[in-house]
S.K.: 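Here's a structure for you.
Remember, it's 1-based here, ligands and their atoms both numbered in the order they're listed. For this chain, numbers begin at 1 and follow the sequence in order. What's counted below: heavy atoms across the whole structure, side chains too, no hydrogens, waters or symmetry copies.
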Amino acid sequence: MSSRPRIAVIIGSTRPTRFADGPAQWILKQAQARGDMDVELVDLRDHPLPFFSEMASNMWMPSQNPEAIRWQETIARFDGFIFVTAEYNHSITGVLKNALDQAYKEWIRKPFTAIGYGSVGGVRAVEHLRLIAIELQMVSTHATVHIGGSDFFAVHPMFGKKTIEDIEANLLPSAKTALDELVWWAKATMAAKAADA
Ligand SMILES: Cc1cc2nc3c(=O)[nH]c(=O)nc-3n(C[C@H](O)[C@H](O)[C@H](O)COP(=O)(O)O)c2cc1C
């Protein structure tokens, strides 16, 4: 078994004019540059899930919808996750909540971190994400990355013209800590699962 965790960067917005691509590409680049994980983008646009309509969570019985099953197979391939988290009305996007609901077994005992964005850095969304993840038996990193305040308005194309690289000095310390923690938890949970097997 490779000791390099397989990490998915999950883009939590599917709007045609979403801002999410900038933060997703930026955190992907940071994660790839480290060399201690195998990281790839998972775009919810490539997983057009219906609103949850199964008999139960797949913890209790297998899902029927082919897209839900394909989504579960995608999530199963990874040891940990980086959620790219917009804030919609002080929480995560509906599309991300639905995607979290559409799997269960595949999230259990896996760590995640997040990069949030919004007027206050998406912190309320990330805190809600942590609450949801408790029920999914996931492990949250302590550190997360937040693009907020004047940085958010400078890089969001509706308000400013800067790139994320222009303000990245404000993000790099938290990104390093968040990714350090993510790799630590991924290795710890992988080792614990291997010992159980
Ligand atoms: C339905 C909706 C609700 C929003 N609520 C918030 C909010 O509570 N806090 C915030 O900082 N931004 C909020 N925004 C603004 C978003 O931060 C901004 O639109 C951002 O670009 C959304 O991410 P996306 O473009 O990747 O979808 C909201 C936007 C939408 C469309």
S.K.: Using the side-chain contact (heavy atoms from CB on, under 4.5 Å) definition, which of the options R124, K97, H128 pairs with S91?
M.R.: H128
S.K.: Does R130 come within less than 4.0 Å of E127, counting only side-chain N to carboxylate O?
M.R.: yes
S.K.: Any side-chain donor paired with an acceptor under 3.5 Å for D180 and T177?
M.R.: no
S.K.: Which donor-acceptor pairs under 3.5 Å do the side chains of residues 26-33 make with protein atoms, sequence neighbours left out?
M.R.:
unit_1: W26; atom_1: NE1; unit_2: E168; atom_2: OE1; d: 2.8
unit_1: K29; atom_1: NZ; unit_2: E165; atom_2: OE2; d: 3.1

S.K.: List in chain and number order the residues that pass side chain to side chain donor-acceptor pair (under 3.5 Å) with K162, two or more places apart in sequence or in another chain; answer none if no residue qualifies.
M.R.: none
S.K.: Can you list, by chain and residue number, every protein residue with a non-hydrogen atom closer than 4.0 Å to ligand 1?
M.R.: S13, R15, R18, F19, A20, A86, E87, Y88, N89, H90, Y117, G118, S119, R124, F152, H156
S.K.: Would you tabulate the side-chain donor-acceptor contacts of residues 147-160 under 3.5 Å, counting partners in other chains and residues two or more places apart, or write 'none'?
M.R.:
unit_1: D151; atom_1: OD1; unit_2: N170; atom_2: ND2; d: 3.3
unit_1: D151; atom_1: OD2; unit_2: N170; atom_2: ND2; d: 2.8
unit_1: H156; atom_1: ND1; unit_2: M158; atom_2: N; d: 3.1

